[in-house]
*Asks:* 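Sharing a structure with you now.
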Amino acid sequence: MKIDHTVPMEYSTDENKMKILGFWIFLGAEIALFSTLFAVYFTLQSNTNVGPAAEDLFHLSPVMIETILLLSSSFTIGLGVHAMRLGLKKPMMTFFGITLALGAAFLGVEVYEFVTYVGEGATIQTSGFLSALFTLLGTHGLHVTFGLLWGGAILLQIKKRGFTPETANKSFIFSLYWHFLDVVWIFIFSFVYLKGLM
């Protein structure tokens, strides 16, 4: 395997470059998935039946906490990739660990939010609006959950093997995935929560 030392380690082999390209293609499919979920939500947002509407359910405080947690995690994972490129194993693992902790805290707030909604009589069966809302938020939450497991597995590999072209490639691809989840959340925050609060 030919290693190019003039580029960052995650790009240092032809296989690594192809994996990164393949992951960008995968993210294209993920964009299509979330675009469909947003389209369904916008179509059904006024279909509240006898259930609560967005302005009855949404509260700014938990949504702001979720947003701060996830955007902070995007910053820390960027620092982690930077540390990896400098060959700093412990700082890289620390920043990735902080990222995962912030992601877990985000999920905790989201679960609390879901429990609160259900307590107020808002379930996935109540109306088209709530069905679309829970599906959109739940799909994003499942992606974050998968990301926590994936990121944890990468940390174990880094701890065991250190930085290699393979582990660097996996770490970088994971960072792309995590940034994608943050971008999706910005759309959810802007076009679901803020619009609903207005």
Side-chain angles (χ1 to χ4, degrees), residues 10 17-49 51-60 62-78 81 99-100 102-114 117-118 122-151 154 169-198:
E10 65 268 21
K17 290 174 187 170
M18 291 306 294
K19 284 179 179 176
I20 292 170
L21 174 63
F23 194 76
W24 278 111
I25 294 168
F26 167 76
L27 287 182
E30 289 286 285
I31 289 169
L33 167 67
F34 278 102
S35 297
T36 303
L37 294 176
F38 275 109
V40 170
Y41 175 80
F42 293 139
T43 302
L44 297 176
Q45 65 184 339
S46 58
N47 185 355
T48 56
N49 194 14
E55 58 269 18
D56 303 319
L57 280 182
F58 296 162
H59 301 286
L60 192 57
V63 180
M64 285 304 296
I65 292 169
E66 288 170 311
T67 303
I68 290 167
L69 288 169
L70 217 51
L71 293 184
S72 298
S73 76
S74 198
F75 177 67
T76 56
I77 201 161
V81 169
T99 298
L100 298 181
L102 290 167
F106 167 86
L107 276 181
V109 176
E110 189 165 67
V111 168
Y112 168 79
E113 196 177 22
F114 278 20
Y117 292 166
V118 172
T123 68
I124 199 166
Q125 299 94 355
T126 305
S127 65
F129 156 67
L130 289 168
S131 176
L133 176 70
F134 278 111
T135 302
L136 174 60
L137 297 179
T139 301
H140 181 264
L142 283 174
H143 277 70
V144 173
T145 303
F146 172 75
L148 295 179
L149 298 173
W150 184 14
I154 288 171
N169 186 251
K170 289 178 181 180
S171 301
F172 180 71
I173 287 173
F174 173 71
S175 76
L176 294 178
Y177 176 80
W178 200 262
H179 286 307
F180 170 75
L181 295 182
D182 292 339
V183 170
V184 172
W185 180 257
I186 289 168
F187 279 92
I188 290 172
F189 174 73
S190 302
F191 298 109
V192 174
Y193 285 109
L194 288 185
K195 189 170 181 286
L197 285 165
M198 290 178 192

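What's counted below: heavy atoms across the whole structure, side chains too, no hydrogens, waters or symmetry copies.
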*Asks:* Side chains of Leu69 and Val109, heavy atoms from C-beta outward: is any pair under 4.5 Å?
*Replies:* yes
*Asks:* Under 6.0 Å between the ring centres of Phe191 and Phe38?
*Replies:* no
*Asks:* Any heavy-atom pair between the side chains of His143 and Leu33 that's under 4.5 Å?
*Replies:* yes
*Asks:* Look up atom CG in Leu107 and atom CG in Leu142, then write down how far apart they are to the nearest 0.5 Å.
*Replies:* 9.0 Å
*Asks:* What closest approach, in Å, do Thr67 and Trp185 show between heavy atoms, and which atom pair accounts for it?
*Replies:* OG1-NE1, 2.9 Å
*Asks:* Any side-chain heavy atom of Leu130 sitting closer than 4.5 Å to one from Thr123?
*Replies:* no
*Asks:* Does Leu194 reach the side chain of Val63, with side-chain heavy atoms less than 4.5 Å apart?
*Replies:* no
*Asks:* Using the ring centroid of each side chain, check whether His140 and Phe187 are separated by less than 6.0 Å.
*Replies:* no
*Asks:* Check Thr48 against Gln45 and note the closest heavy-atom contact, atom names and distance.
*Replies:* CG2-O, 4.0 Å
*Asks:* Hey, is the main chain of Gly141 close enough, under 3.5 Å, to the side chain of Thr145 for a donor-acceptor pair?
*Replies:* yes
*Asks:* Does Ile186 offer a backbone N or O that forms a donor-acceptor pair with the side chain of Ser190 under 3.5 Å?
*Replies:* yes
*Asks:* How many angstroms lie between atom CD1 of Ile188 and atom OH of Tyr41, to the nearest 0.5 angstrom?
*Replies:* 10.0 Å
*Asks:* Looking at CZ of Phe106 and OG of Ser72, how far apart are the two atoms once the value is rounded to the nearest 0.5 Å?
*Replies:* 12.5 Å
*Asks:* Hey, does Lys19 have a side-chain heavy atom less than 4.5 Å from the side chain of Lys170?
*Replies:* no
*Asks:* Counting only heavy atoms not in Phe42, do more than 12 sit closer than 6.0 Å to its CZ atom?
*Replies:* yes
*Asks:* Once you round to the nearest 0.5 Å, how far does NE2 of His59 lie from CE of Met64?
*Replies:* 15.5 Å
*Asks:* Going by heavy atoms in the side chains, are Leu102 and Leu70 under 4.5 Å from each other?
*Replies:* no
*Asks:* Quickly, which of Phe23, Phe146, Trp150 forms a ring pair (Phe, Tyr, Trp, His ring centres under 6.0 Å) with Phe174? Name it, please.
*Replies:* Trp150
*Asks:* If every non-hydrogen atom of Pro52 is compared with every non-hydrogen atom of Thr126, which pair is closest and at what distance?
*Replies:* CD-CG2, 4.4 Å
*Asks:* Could you note down all residue pairs passing side chain to side chain donor-acceptor pair (under 3.5 Å) where residues 171-182 supplies at least one of them, sequence neighbours left out?
*Replies:* Ser73-Trp178, Ser74-His179, Ser74-Asp182
*Asks:* Given side-chain contact (heavy atoms from CB on, under 4.5 Å), test Leu136 with Val192 step by step and report yes or no.
*Replies:* CA-CA 10 Å; Leu136 174 60; Val192 174; 3.8 Å; yes
*Asks:* Go through the steps for Phe34 and Phe180 under the test side-chain contact (heavy atoms from CB on, under 4.5 Å), then give the verdict.
*Replies:* CA-CA 11 Å; Phe34 278 102; Phe180 170 75; 3.9 Å; yes
*Asks:* What's the separation between atom OG1 in Thr135 and atom CG in Leu137, rounded to the nearest 0.5 Å?
*Replies:* 9.0 Å
*Asks:* Could you grab the distance from atom CD1 of Ile77 to atom CG of Leu181, nearest 0.5 Å is fine?
*Replies:* 9.5 Å
*Asks:* Can you give me the closest heavy-atom contact between Leu197 and Phe58, atom names plus distance?
*Replies:* CD2-O, 3.3 Å
*Asks:* Are Leu176 and Trp24 close enough that some pair of their side-chain heavy atoms sits under 4.5 Å apart?
*Replies:* yes
